[in-house]
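Atoms considered below: every heavy atom in the structure, side chains included; atoms not considered: hydrogens, waters and symmetry mates. For ligands, and for the atoms within them, numbers begin at 1 and follow the listed sequence.
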Amino acid sequence: MFNFSFQNPTTIHFGEGHIEKIASEIPADAKVLLLYGGGSIKANGVYDQVIAALSQHEYFEFSGIEPNPSYDTLIKALDVIETNNIDYLLAVGGGSVVDGSKFVAAAACFEGEDPWDILAKQAPVKQALPLAAVLTLPATGSESNGNSVVTRDGNKLAFSSPLVRPTFAILDPNVTLSLSSRQVANGVVDAFVHVMEQYLTYSINAKVQDRFCEGLLMTLIEEGQRVMQAENQQDLTLRANIMWSATMALNGLIGVGVPQDWSTHMIGHELTGSHGIDHARTLSIVLPAVMKVCQQEKRSKLLQYAERVWHISHGSEDEKIAAAIEHTEQFFKQMQVPIRLSDVNLGASDIDNLVQGLENHGMLKLGEHGNIDLAKSRQILETAL
Ligand code: NZQ
Ligand code: ZN
(Lines give C-alpha, C1' and ligand atoms only; values in the text may rest on other atoms or scores of the structure.)
(Ligands and ions follow the chains in the order given, each with its own letter.)
Protein backbone atom coordinates (compact mmCIF):
# COMPACT_ATOMS: atom_id res chain seq x y z
CA MET A 1 0.00 0.00 0.00
CA PHE A 2 1.23 3.54 -0.69
CA ASN A 3 1.68 5.96 2.21
CA PHE A 4 -1.25 8.26 2.83
CA SER A 5 -2.78 10.82 5.18
CA PHE A 6 -6.55 10.82 5.38
CA GLN A 7 -9.09 13.22 6.80
CA ASN A 8 -12.70 13.77 5.80
CA PRO A 9 -14.17 16.46 8.05
CA THR A 10 -17.64 16.65 6.42
CA THR A 11 -20.31 15.83 9.00
CA ILE A 12 -22.93 13.59 7.41
CA HIS A 13 -26.52 13.71 8.66
CA PHE A 14 -28.11 10.68 7.02
CA GLY A 15 -31.78 9.83 7.08
CA GLU A 16 -35.33 11.04 7.09
CA GLY A 17 -36.17 14.41 8.65
CA HIS A 18 -32.59 15.65 8.92
CA ILE A 19 -33.05 18.77 6.79
CA GLU A 20 -34.14 20.62 9.94
CA LYS A 21 -30.58 20.19 11.26
CA ILE A 22 -29.60 23.13 9.05
CA ALA A 23 -31.03 25.36 11.77
CA SER A 24 -28.45 24.32 14.35
CA GLU A 25 -25.52 23.50 12.04
CA ILE A 26 -25.21 26.92 10.38
CA PRO A 27 -23.91 29.58 12.79
CA ALA A 28 -26.80 31.77 13.99
CA ASP A 29 -25.16 35.00 12.87
CA ALA A 30 -24.24 33.75 9.38
CA LYS A 31 -25.56 35.54 6.31
CA VAL A 32 -26.54 32.60 4.16
CA LEU A 33 -26.82 32.27 0.38
CA LEU A 34 -29.09 29.37 -0.60
CA LEU A 35 -28.03 28.08 -4.04
CA TYR A 36 -30.13 25.72 -6.13
CA GLY A 37 -30.86 24.53 -9.65
CA GLY A 38 -33.79 24.66 -12.00
CA GLY A 39 -36.60 24.18 -9.52
CA SER A 40 -36.82 20.46 -8.70
CA ILE A 41 -36.52 21.39 -5.02
CA LYS A 42 -39.67 23.51 -5.27
CA ALA A 43 -41.63 20.65 -6.85
CA ASN A 44 -40.63 17.99 -4.31
CA GLY A 45 -40.94 19.96 -1.08
CA VAL A 46 -37.22 20.18 -0.28
CA TYR A 47 -37.24 23.96 -0.74
CA ASP A 48 -40.03 24.36 1.84
CA GLN A 49 -38.15 22.20 4.34
CA VAL A 50 -34.96 24.21 3.83
CA ILE A 51 -36.74 27.55 4.14
CA ALA A 52 -38.43 26.37 7.35
CA ALA A 53 -35.05 25.34 8.75
CA LEU A 54 -33.56 28.74 7.83
CA SER A 55 -36.34 30.71 9.52
CA GLN A 56 -34.03 32.04 12.23
CA HIS A 57 -31.25 32.95 9.78
CA GLU A 58 -30.78 35.87 7.45
CA TYR A 59 -30.66 34.36 3.97
CA PHE A 60 -30.70 35.19 0.26
CA GLU A 61 -31.28 32.98 -2.78
CA PHE A 62 -29.48 32.23 -6.03
CA SER A 63 -31.18 29.80 -8.42
CA GLY A 64 -30.76 28.53 -11.96
CA ILE A 65 -27.54 26.53 -11.60
CA GLU A 66 -27.84 24.13 -14.51
CA PRO A 67 -26.67 20.51 -14.94
CA ASN A 68 -22.95 20.65 -15.80
CA PRO A 69 -22.89 24.07 -14.14
CA SER A 70 -21.82 26.91 -16.34
CA TYR A 71 -19.21 29.47 -15.38
CA ASP A 72 -21.32 32.26 -16.87
CA THR A 73 -24.18 31.46 -14.48
CA LEU A 74 -22.04 30.91 -11.40
CA ILE A 75 -20.10 34.13 -11.78
CA LYS A 76 -23.38 36.05 -11.33
CA ALA A 77 -23.61 34.74 -7.76
CA LEU A 78 -20.56 36.83 -6.85
CA ASP A 79 -22.59 40.06 -7.11
CA VAL A 80 -25.23 38.71 -4.73
CA ILE A 81 -22.51 37.71 -2.28
CA GLU A 82 -20.80 41.08 -2.42
CA THR A 83 -23.98 43.15 -2.24
CA ASN A 84 -25.34 41.25 0.76
CA ASN A 85 -22.12 40.44 2.63
CA ILE A 86 -22.83 36.72 2.40
CA ASP A 87 -20.51 34.59 4.52
CA TYR A 88 -22.01 31.08 4.27
CA LEU A 89 -23.20 29.06 1.24
CA LEU A 90 -25.88 26.38 1.37
CA ALA A 91 -26.09 24.25 -1.80
CA VAL A 92 -29.36 22.37 -2.24
CA GLY A 93 -29.41 19.99 -5.19
CA GLY A 94 -27.40 17.43 -7.11
CA GLY A 95 -23.72 17.36 -7.97
CA SER A 96 -24.04 20.30 -10.33
CA VAL A 97 -25.43 22.63 -7.66
CA VAL A 98 -22.87 21.46 -5.09
CA ASP A 99 -19.98 21.70 -7.57
CA GLY A 100 -21.16 25.10 -8.77
CA SER A 101 -21.44 26.36 -5.20
CA LYS A 102 -17.88 25.16 -4.50
CA PHE A 103 -16.64 27.25 -7.39
CA VAL A 104 -18.61 30.25 -6.09
CA ALA A 105 -17.14 29.66 -2.59
CA ALA A 106 -13.62 29.79 -3.99
CA ALA A 107 -14.24 32.56 -6.53
CA ALA A 108 -15.74 34.85 -3.86
CA CYS A 109 -12.42 34.87 -2.01
CA PHE A 110 -10.10 34.68 -5.03
CA GLU A 111 -7.42 37.34 -5.04
CA GLY A 112 -6.20 36.84 -8.60
CA GLU A 113 -7.55 38.75 -11.58
CA ASP A 114 -9.82 36.16 -13.14
CA PRO A 115 -11.63 33.41 -11.17
CA TRP A 116 -11.62 31.24 -14.32
CA ASP A 117 -7.92 30.72 -13.56
CA ILE A 118 -8.98 28.47 -10.65
CA LEU A 119 -10.09 26.00 -13.32
CA ALA A 120 -8.08 26.87 -16.40
CA LYS A 121 -4.72 27.47 -14.71
CA GLN A 122 -5.31 25.53 -11.49
CA ALA A 123 -4.62 28.76 -9.59
CA PRO A 124 -4.30 27.85 -5.90
CA VAL A 125 -7.39 28.26 -3.74
CA LYS A 126 -6.13 29.98 -0.58
CA GLN A 127 -9.47 30.84 0.96
CA ALA A 128 -13.13 29.95 0.41
CA LEU A 129 -16.50 30.71 1.97
CA PRO A 130 -17.79 27.91 4.19
CA LEU A 131 -20.22 25.67 2.35
CA ALA A 132 -22.80 23.04 3.31
CA ALA A 133 -24.95 20.78 1.16
CA VAL A 134 -28.41 19.25 1.11
CA LEU A 135 -27.98 16.49 -1.44
CA THR A 136 -30.94 15.61 -3.67
CA LEU A 137 -29.26 13.29 -6.19
CA PRO A 138 -26.89 10.52 -5.10
CA ALA A 139 -24.14 10.19 -7.70
CA THR A 140 -21.07 12.36 -7.52
CA GLY A 141 -19.88 12.24 -3.90
CA SER A 142 -19.55 16.03 -4.20
CA GLU A 143 -21.36 16.40 -0.86
CA SER A 144 -18.28 15.21 1.01
CA ASN A 145 -15.32 15.80 -1.28
CA GLY A 146 -13.34 18.83 -2.41
CA ASN A 147 -13.90 18.42 -6.16
CA SER A 148 -15.79 20.71 -8.49
CA VAL A 149 -16.42 20.50 -12.23
CA VAL A 150 -17.47 23.62 -14.16
CA THR A 151 -18.17 24.17 -17.87
CA ARG A 152 -17.43 27.21 -20.02
CA ASP A 153 -17.80 27.31 -23.82
CA GLY A 154 -17.60 23.52 -24.14
CA ASN A 155 -14.59 23.29 -21.82
CA LYS A 156 -15.45 21.08 -18.85
CA LEU A 157 -12.75 21.61 -16.24
CA ALA A 158 -12.22 20.55 -12.64
CA PHE A 159 -10.48 21.87 -9.57
CA SER A 160 -10.02 20.41 -6.14
CA SER A 161 -9.41 21.97 -2.75
CA PRO A 162 -10.01 20.86 0.83
CA LEU A 163 -11.28 24.40 1.47
CA VAL A 164 -14.44 23.77 -0.56
CA ARG A 165 -15.30 20.43 1.03
CA PRO A 166 -18.75 20.87 2.62
CA THR A 167 -18.67 21.40 6.38
CA PHE A 168 -21.80 19.28 6.70
CA ALA A 169 -24.06 17.42 4.29
CA ILE A 170 -27.63 16.28 4.71
CA LEU A 171 -28.54 13.03 2.99
CA ASP A 172 -32.22 12.19 3.25
CA PRO A 173 -33.03 9.27 0.91
CA ASN A 174 -36.67 10.45 0.86
CA VAL A 175 -35.76 13.41 -1.32
CA THR A 176 -34.48 11.07 -4.04
CA LEU A 177 -37.95 9.60 -4.63
CA SER A 178 -38.80 12.46 -6.98
CA LEU A 179 -35.88 11.71 -9.30
CA SER A 180 -36.67 10.46 -12.80
CA SER A 181 -35.51 6.90 -13.45
CA ARG A 182 -32.97 8.37 -15.88
CA GLN A 183 -31.38 10.42 -13.08
CA VAL A 184 -31.48 7.48 -10.66
CA ALA A 185 -29.75 5.28 -13.23
CA ASN A 186 -27.21 8.00 -14.00
CA GLY A 187 -26.39 8.26 -10.31
CA VAL A 188 -25.86 4.52 -9.85
CA VAL A 189 -23.63 4.36 -12.93
CA ASP A 190 -21.58 7.42 -11.96
CA ALA A 191 -20.93 5.99 -8.48
CA PHE A 192 -20.12 2.57 -9.97
CA VAL A 193 -17.53 4.10 -12.27
CA HIS A 194 -16.02 6.17 -9.43
CA VAL A 195 -15.36 2.93 -7.57
CA MET A 196 -13.97 1.24 -10.68
CA GLU A 197 -11.52 4.07 -11.30
CA GLN A 198 -10.03 3.63 -7.84
CA TYR A 199 -10.08 -0.18 -8.07
CA LEU A 200 -9.37 -1.35 -11.60
CA THR A 201 -5.66 -0.57 -11.84
CA TYR A 202 -2.92 -2.96 -10.70
CA SER A 203 -2.75 -5.05 -7.59
CA ILE A 204 -0.79 -3.82 -4.59
CA ASN A 205 -2.57 -6.14 -2.18
CA ALA A 206 -4.46 -3.30 -0.48
CA LYS A 207 -7.07 -5.65 0.91
CA VAL A 208 -9.15 -3.13 2.84
CA GLN A 209 -9.54 -0.79 -0.14
CA ASP A 210 -10.17 -3.70 -2.53
CA ARG A 211 -12.87 -5.23 -0.39
CA PHE A 212 -14.53 -1.87 0.30
CA CYS A 213 -14.62 -1.37 -3.48
CA GLU A 214 -15.99 -4.83 -4.18
CA GLY A 215 -18.70 -4.34 -1.54
CA LEU A 216 -19.72 -1.02 -3.06
CA LEU A 217 -19.72 -2.43 -6.61
CA MET A 218 -21.88 -5.39 -5.58
CA THR A 219 -24.27 -3.10 -3.69
CA LEU A 220 -24.61 -0.75 -6.64
CA ILE A 221 -25.22 -3.66 -9.03
CA GLU A 222 -27.80 -5.27 -6.75
CA GLU A 223 -29.69 -2.11 -5.79
CA GLY A 224 -29.24 -0.58 -9.25
CA GLN A 225 -30.93 -3.55 -10.89
CA ARG A 226 -33.72 -3.48 -8.30
CA VAL A 227 -34.41 0.24 -8.50
CA MET A 228 -35.03 -0.04 -12.25
CA GLN A 229 -38.03 -2.29 -11.58
CA ALA A 230 -41.24 -0.28 -11.21
CA GLU A 231 -42.37 -2.13 -8.09
CA ASN A 232 -39.21 -1.14 -6.17
CA GLN A 233 -39.08 2.53 -7.07
CA GLN A 234 -40.55 3.75 -3.80
CA ASP A 235 -38.38 1.44 -1.66
CA LEU A 236 -36.59 3.72 0.81
CA THR A 237 -34.15 1.08 2.07
CA LEU A 238 -32.94 0.63 -1.45
CA ARG A 239 -32.64 4.40 -1.95
CA ALA A 240 -30.66 4.64 1.27
CA ASN A 241 -28.23 1.96 0.10
CA ILE A 242 -27.71 3.74 -3.21
CA MET A 243 -27.26 7.12 -1.51
CA TRP A 244 -24.66 5.94 0.99
CA SER A 245 -22.83 3.92 -1.68
CA ALA A 246 -22.52 7.00 -3.87
CA THR A 247 -21.08 9.05 -1.01
CA MET A 248 -18.64 6.31 -0.02
CA ALA A 249 -17.58 5.92 -3.65
CA LEU A 250 -15.99 9.35 -3.77
CA ASN A 251 -15.46 10.70 -0.26
CA GLY A 252 -11.78 9.79 -0.44
CA LEU A 253 -11.79 6.67 1.75
CA ILE A 254 -11.55 3.91 -0.86
CA GLY A 255 -8.95 5.81 -2.88
CA VAL A 256 -6.32 6.20 -0.17
CA GLY A 257 -3.04 4.39 -0.66
CA VAL A 258 -3.92 2.86 -4.04
CA PRO A 259 -3.19 3.68 -7.69
CA GLN A 260 -6.07 5.37 -9.53
CA ASP A 261 -7.11 5.69 -13.16
CA TRP A 262 -9.45 8.58 -14.01
CA SER A 263 -9.14 8.18 -17.78
CA THR A 264 -12.82 7.24 -18.19
CA HIS A 265 -13.86 10.49 -16.51
CA MET A 266 -11.41 12.66 -18.43
CA ILE A 267 -12.44 11.22 -21.81
CA GLY A 268 -16.09 11.36 -20.70
CA HIS A 269 -15.78 15.08 -19.89
CA GLU A 270 -14.92 15.70 -23.56
CA LEU A 271 -18.14 13.97 -24.60
CA THR A 272 -20.17 16.17 -22.26
CA GLY A 273 -18.26 19.33 -23.20
CA SER A 274 -18.67 18.81 -26.95
CA HIS A 275 -21.98 16.98 -27.17
CA GLY A 276 -23.87 17.72 -23.93
CA ILE A 277 -24.24 14.04 -23.02
CA ASP A 278 -25.17 13.40 -19.35
CA HIS A 279 -22.03 12.80 -17.27
CA ALA A 280 -22.83 9.19 -16.30
CA ARG A 281 -23.85 8.29 -19.85
CA THR A 282 -20.40 9.26 -21.11
CA LEU A 283 -18.82 6.96 -18.51
CA SER A 284 -20.90 3.95 -19.51
CA ILE A 285 -19.65 4.42 -23.07
CA VAL A 286 -15.98 4.91 -22.19
CA LEU A 287 -15.37 2.45 -19.33
CA PRO A 288 -15.95 -0.80 -21.30
CA ALA A 289 -13.55 0.45 -23.97
CA VAL A 290 -10.92 1.33 -21.34
CA MET A 291 -11.31 -2.19 -19.91
CA LYS A 292 -10.72 -3.67 -23.36
CA VAL A 293 -7.83 -1.45 -24.48
CA CYS A 294 -5.99 -1.51 -21.13
CA GLN A 295 -6.57 -5.20 -20.52
CA GLN A 296 -2.90 -6.11 -20.17
CA GLU A 297 -2.07 -3.41 -17.59
CA LYS A 298 -5.23 -4.21 -15.62
CA ARG A 299 -5.05 -7.99 -16.00
CA SER A 300 -4.71 -9.05 -12.35
CA LYS A 301 -7.42 -6.64 -11.19
CA LEU A 302 -9.74 -7.61 -14.05
CA LEU A 303 -9.44 -11.23 -12.95
CA GLN A 304 -10.11 -10.28 -9.33
CA TYR A 305 -13.11 -8.20 -10.45
CA ALA A 306 -14.42 -11.11 -12.53
CA GLU A 307 -14.14 -13.58 -9.68
CA ARG A 308 -15.19 -11.47 -6.70
CA VAL A 309 -17.77 -9.09 -8.15
CA TRP A 310 -19.34 -11.23 -10.88
CA HIS A 311 -18.48 -14.66 -9.40
CA ILE A 312 -17.06 -15.89 -12.70
CA SER A 313 -15.11 -19.03 -11.86
CA HIS A 314 -15.01 -21.00 -15.13
CA GLY A 315 -12.95 -20.59 -18.27
CA SER A 316 -9.45 -19.43 -19.12
CA GLU A 317 -8.16 -16.13 -17.76
CA ASP A 318 -8.93 -14.42 -21.05
CA GLU A 319 -12.43 -15.86 -21.05
CA LYS A 320 -13.02 -14.66 -17.48
CA ILE A 321 -11.91 -11.14 -18.38
CA ALA A 322 -14.09 -11.08 -21.49
CA ALA A 323 -17.05 -12.29 -19.42
CA ALA A 324 -16.45 -9.61 -16.76
CA ILE A 325 -16.46 -6.87 -19.41
CA GLU A 326 -19.60 -8.39 -20.94
CA HIS A 327 -21.31 -8.46 -17.51
CA THR A 328 -20.38 -4.81 -16.96
CA GLU A 329 -21.93 -3.87 -20.30
CA GLN A 330 -25.05 -5.88 -19.54
CA PHE A 331 -25.37 -4.13 -16.18
CA PHE A 332 -25.14 -0.74 -17.91
CA LYS A 333 -27.80 -1.88 -20.39
CA GLN A 334 -30.05 -2.87 -17.50
CA MET A 335 -29.53 0.65 -16.15
CA GLN A 336 -30.68 1.87 -19.59
CA VAL A 337 -27.52 3.89 -20.26
CA PRO A 338 -25.63 3.82 -23.58
CA ILE A 339 -22.53 1.64 -23.97
CA ARG A 340 -21.37 2.73 -27.44
CA LEU A 341 -20.81 6.06 -29.18
CA SER A 342 -23.28 4.87 -31.81
CA ASP A 343 -25.94 4.66 -29.06
CA VAL A 344 -25.71 8.46 -28.77
CA ASN A 345 -25.47 9.00 -32.54
CA LEU A 346 -21.75 9.70 -32.61
CA GLY A 347 -19.36 8.07 -35.06
CA ALA A 348 -15.78 7.86 -36.30
CA SER A 349 -15.94 11.39 -37.72
CA ASP A 350 -16.44 12.82 -34.21
CA ILE A 351 -13.29 11.31 -32.73
CA ASP A 352 -10.77 13.88 -34.06
CA ASN A 353 -12.57 16.67 -32.25
CA LEU A 354 -12.71 14.69 -28.98
CA VAL A 355 -9.00 13.88 -29.14
CA GLN A 356 -8.30 17.56 -29.90
CA GLY A 357 -10.26 18.45 -26.76
CA LEU A 358 -8.13 16.10 -24.68
CA GLU A 359 -5.02 17.73 -26.10
CA ASN A 360 -6.33 21.25 -25.42
CA HIS A 361 -7.09 20.29 -21.83
CA GLY A 362 -3.69 18.74 -21.20
CA MET A 363 -5.01 15.17 -20.91
CA LEU A 364 -1.86 13.66 -22.36
CA LYS A 365 -0.83 11.08 -19.76
CA LEU A 366 -3.92 9.45 -18.33
CA GLY A 367 -4.25 6.14 -16.49
CA GLU A 368 -2.55 4.60 -13.48
CA HIS A 369 0.73 4.38 -15.40
CA GLY A 370 0.34 7.72 -17.20
CA ASN A 371 0.56 5.78 -20.47
CA ILE A 372 -2.81 6.68 -21.97
CA ASP A 373 -1.56 9.26 -24.42
CA LEU A 374 -3.62 10.81 -27.19
CA ALA A 375 -3.07 7.79 -29.47
CA LYS A 376 -4.35 5.43 -26.81
CA SER A 377 -7.30 7.70 -26.01
CA ARG A 378 -8.12 7.61 -29.72
CA GLN A 379 -7.94 3.81 -29.61
CA ILE A 380 -10.32 3.82 -26.62
CA LEU A 381 -12.78 6.04 -28.48
CA GLU A 382 -12.52 3.85 -31.61
CA THR A 383 -13.16 0.77 -29.48
CA ALA A 384 -16.27 2.52 -28.12
CA LEU A 385 -17.75 3.07 -31.62
O1 NZQ B 1 -31.69 21.65 -11.43
P2 NZQ B 1 -32.76 20.90 -10.74
O3 NZQ B 1 -34.10 21.45 -10.99
O4 NZQ B 1 -32.48 20.70 -9.29
O5 NZQ B 1 -32.84 19.43 -11.43
C6 NZQ B 1 -31.80 18.50 -11.38
C7 NZQ B 1 -31.09 18.36 -12.74
O8 NZQ B 1 -31.94 18.69 -13.80
C9 NZQ B 1 -32.41 17.14 -11.20
N10 NZQ B 1 -32.59 16.76 -9.79
C11 NZQ B 1 -31.68 16.77 -8.78
N12 NZQ B 1 -32.23 16.28 -7.66
C13 NZQ B 1 -33.52 15.97 -7.95
C14 NZQ B 1 -33.76 16.28 -9.31
N15 NZQ B 1 -34.94 16.07 -9.90
C16 NZQ B 1 -35.94 15.55 -9.14
N17 NZQ B 1 -35.77 15.21 -7.84
C18 NZQ B 1 -34.58 15.40 -7.21
N19 NZQ B 1 -34.43 15.01 -5.94
O20 NZQ B 1 -31.46 16.24 -11.76
C21 NZQ B 1 -30.80 16.88 -12.86
C22 NZQ B 1 -29.33 16.55 -12.85
O23 NZQ B 1 -28.71 17.09 -11.71
P24 NZQ B 1 -27.12 17.20 -11.61
O25 NZQ B 1 -26.81 17.90 -10.34
O26 NZQ B 1 -26.56 17.75 -12.87
O27 NZQ B 1 -26.68 15.66 -11.53
P28 NZQ B 1 -25.45 14.98 -10.83
O29 NZQ B 1 -25.63 14.91 -9.37
O30 NZQ B 1 -25.27 13.72 -11.57
O31 NZQ B 1 -24.21 15.95 -11.09
C32 NZQ B 1 -23.50 15.92 -12.30
C33 NZQ B 1 -22.37 16.93 -12.26
O34 NZQ B 1 -21.39 16.56 -11.26
C35 NZQ B 1 -20.10 16.49 -11.86
C36 NZQ B 1 -20.42 16.10 -13.27
O37 NZQ B 1 -19.34 16.33 -14.14
C38 NZQ B 1 -21.62 16.95 -13.57
O39 NZQ B 1 -21.23 18.26 -13.90
N40 NZQ B 1 -19.24 15.58 -11.10
C41 NZQ B 1 -18.76 16.00 -9.90
C42 NZQ B 1 -17.89 15.23 -9.15
C43 NZQ B 1 -17.36 15.69 -7.86
N44 NZQ B 1 -17.68 16.88 -7.42
O45 NZQ B 1 -16.61 14.96 -7.21
C46 NZQ B 1 -17.43 13.92 -9.61
C47 NZQ B 1 -18.24 13.38 -10.74
O48 NZQ B 1 -17.44 12.46 -11.42
C49 NZQ B 1 -18.74 14.38 -11.71
O50 NZQ B 1 -17.72 14.74 -12.62
ZN1 ZN C 1 -18.43 10.95 -12.10
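- Taking a 4.0 Å cut-off on heavy atoms, Asn186 fails to register as neighbouring ligand 1.
- Between the side chains of Gln356 and Asp352, no donor N or O sits under 3.5 Å from an acceptor N or O.
- Comparing Gly273, Ser40, Ala246 against atom 4 (O) of ligand 1, the shortest heavy-atom distance belongs to Ser40.
- For the pair His57 (side chain) and Pro27 (backbone), a donor-acceptor distance under 3.5 Å is present.
- In this structure, Gly141 has no heavy atom closer than 4.0 Å to ligand 1.
- Remark: at the Zn ion (ligand 2), atom OD1 from Asp190 and atom NE2 from His194 enclose 80°, rounded to the nearest 10 degrees.
- Side chain to side chain, Glu143 and Thr247 meet the donor-acceptor criterion of an N or O pair below 3.5 Å.
- At the shortest separation from atom 45 (O) of ligand 1 among protein heavy atoms lies Asn145 ND2, 2.9 Å.
- If you look at Thr272 next to ligand 1, there are no close heavy atoms at all, none under 4.0 Å.
- Under a 4.0 angstrom heavy-atom cut-off, Lys156 registers as being in contact with ligand 1.
- Counting only non-hydrogen atoms, the option in Thr282, Ile65, Thr136 that gets closest to atom 11 (C) of ligand 1 is Thr136.
- Counting non-hydrogen atoms of neighbouring residues, nucleotides and ligands closer than 6.0 angstrom, the CD atom of Gln229 exceeds 12 such neighbours.
- Regarding atom 38 (C) of ligand 1, its nearest protein heavy-atom neighbour is Asn68 OD1, 3.4 Å.
- At a 4.0 Å heavy-atom cut-off, ligand 1 touches Asn44 through the side chain alone.
- With respect to atom 1 (O) of ligand 1, the closest heavy atom belonging to the protein is Gly38 N, 2.8 Å.
- Summary of contacts: the protein heavy atom closest to atom 17 (N) of ligand 1 is Ser178 OG, 2.8 Å.
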